[in-house]
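Single-structure report; data block below.
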There are 2 protein chains.
Amino acid sequence: MHKPAPNNSLKTACSTCNLRELCLPVNLSNIEITRLDDLITRKGVYRHGSILYRSGDKFQALYAIRTGFFKTQILNEDGREQVTGFQMAGEIIGMDGINSDTHTCDAVALEDSEVCEIPFGRLEDLSRELPPLQRHLHRILSREIVRDQNIMLLLGSMRAEERLAAFLLNLSQRFAVRGYSPTSFQLRMTRQEIGSYLGLKLETVSRALSHLQESKLINVRNRSLEILSLSGLQTSMGKRAR
Amino acid sequence: MHKPAPNNSLKTACSTCNLRELCLPVNLSNIEITRLDDLITRKGVYRHGSILYRSGDKFQALYAIRTGFFKTQILNEDGREQVTGFQMAGEIIGMDGINSDTHTCDAVALEDSEVCEIPFGRLEDLSRELPPLQRHLHRILSREIVRDQNIMLLLGSMRAEERLAAFLLNLSQRFAVRGYSPTSFQLRMTRQEIGSYLGLKLETVSRALSHLQESKLINVRNRSLEILSLSGLQTSMGKRAR
DNA sequence: TAAGATGCTTGATATATGTCAAAATATACA
DNA sequence: TGTATATTTTGACATATATCAAGCATCTTA
């Protein structure tokens, strides 16, 4: 665990990447994408448990996840920890660092993962030249704001089982967009990480999963999860206000 | 309540605005600021209770608060509501709308307020010409992300009284930056709005305030709040994990 | 200025989730 | 491959916060 991050890096081509419809190059022409290629480098594999960046690190780049799975978390002074997100291929992380030129959370690989490094200064330069890139960068930043506010809604107003249902539906939908099964997937994180993300204790997560299973909405065995009724989960999410 | 928004608008000058060190023009030269002046219009007064924008509205502009106080809130399908923030002079709202060209929350004036409208397309154009403006826009977006993640920490890991303490300290600090007393101010929102923001019921907010008062950390009477010990509040915020 | 509506506080009680503990299972590593 | 470690489940019990209710204070507006 926590092996040092690899140093070797190689040129990447957004132009040939199968995530380009999902990732940074959205809405760019082929010529524009080759401009992006110039500034992005692929970093070697981050092994399970290794740290992409840490709170306090100087901010220099955004990272596009090429393969794998990450979590981001903040720790406050007294050691309290909060998982702020789980990120998968095609998603972009590191935006917390732009404000103060310093990262404010840790990003940890939850499985062996590859990322593309996007030096932020150069991205800003290029996005002044390419309006569609500028526009998309703004959308990505705004999307993160909207995402966070929906988690606030979840944390502030839903009960345990609803939070779990919302979490599973969110994962499902993101897997679907990537061409994976929306109803059958592996959880990449522990119950305690899910709990931290959802503002619950791990025992509560475990019980809520068991209960959803009793209700025939899911099958769960360790990290393998099968959704038996997407619509059932949906309704279990919105049943009553707290 | 909910008076229609005023239609009259007039030219504004960031150059002569006393909030320019706090607001959008940060780090711009005088010449650059006059470029900003060109695209910003001041909208008339939004009366207490009136709505600046609503979830579902087409996104066209960001708004800088010139005077007054707003709340933003999201409502999910089943009518559950979550206050996602309270905004004061010099702060910028509307960034939720960039992602999908549609606002995803409501912004409501909590007292009579004035805002400056910043058409977003023109802001993007100008920020391609002025790197310091581009940079600052990115910082503002990132700051919002960091802010939201800190609220996630609060909602996910603090108990009622700690949340209240964190909330009051945050207000205090923002008043201080604006030259107001950090220890004596008016709450602009109801207990129920505070509760929604903090993921608590209004009765719990009321009890927690009473208890902080018993502990001699604050004096509160209706909406007037006096902080008796900033450091005491600070420690009451970080006592134990949940 | 009066009257209704809204907001706030406090008490009694209910309940969802946390805490502690133990056993079962899975995973990592020597 | 076997052993130690980490993760997960489940039960019993504790507790923080929600819920319900009543009375009072404050604001709004006629």
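Residue numbers begin at 1 in each chain, while the letters A, B, ... track the order of the sequences. What you see is a predicted model, and the numbers here were worked out from it, not measured in a lab.
If you take CG of A/L164 and P of C/dT17, they are 11 Å apart, rounded to a whole angstrom. Rounded to whole Å, atom C1' of C/dA14 lies 15 Å from atom NZ of B/K201. As a whole-Å value, the separation of B/L187 CG from C/dT6 C1' is 17 Å. Regarding B/R159, its CZ atom lies at a distance of 12 Å from the P atom of D/dA18, rounded to whole Å. Following rounding to the nearest Å, A/H48 (NE2) and C/dT27 (P) show an atom-to-atom distance of 11 Å. In this structure, CG of A/L155 is placed 19 Å from P of C/dA16, rounded to the nearest angstrom. The interatomic distance linking B/R163 (CZ) with D/dA18 (C1') rounds to 13 Å, in whole Å. Spacing between atom CG of B/L198 and atom P of D/dA18 amounts to 11 Å, rounded to whole angstrom units.
Relative ring orientation between A/H103 and A/Y53 is described as parallel, the plane-to-plane angle staying below 30° on a 0-90° scale split at 30° and 60°.
Residue B/E91 forms a salt bridge (charged side-chain N to carboxylate O under 4.0 Å, His left out) with just one option from B/R143, B/R178, B/R147, B/R66, and that option is B/R178. Across A/L217, A/I194, A/I218, a single residue satisfies side-chain contact (heavy atoms from CB on, under 4.5 Å) together with A/L168, and that is A/I218.
Looking at heavy atoms from C-beta onward, A/Y46 lies out of side-chain contact with A/V108 at the 4.5 angstrom threshold. In this structure the side chain of A/N219 reaches within 4.5 angstrom of the side chain of A/Q213, judged on heavy atoms. Proximity of B/L209 to B/R191: side-chain heavy atoms (C-beta onward) are separated by under 4.5 Å at one or more points.
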Please tabulate the protein-to-nucleotide N/O contacts below 3.5 Å involving nucleotides 6-10 of chain D, giving atom names and distances.
| residue | atom | partner | partner atom | Å |
| --- | --- | --- | --- | --- |
| D/dT8 | OP1 | A/R223 | NE | 2.9 |
| D/dT8 | OP2 | A/R191 | N | 2.7 |
| D/dT9 | OP1 | A/R191 | NH2 | 3.1 |
| D/dT9 | OP2 | A/R191 | NE | 2.8 |
| D/dT9 | OP2 | A/S206 | OG | 2.7 |
| D/dT9 | O5' | A/S206 | OG | 3.2 |
| D/dT10 | OP2 | A/S210 | OG | 2.7 |

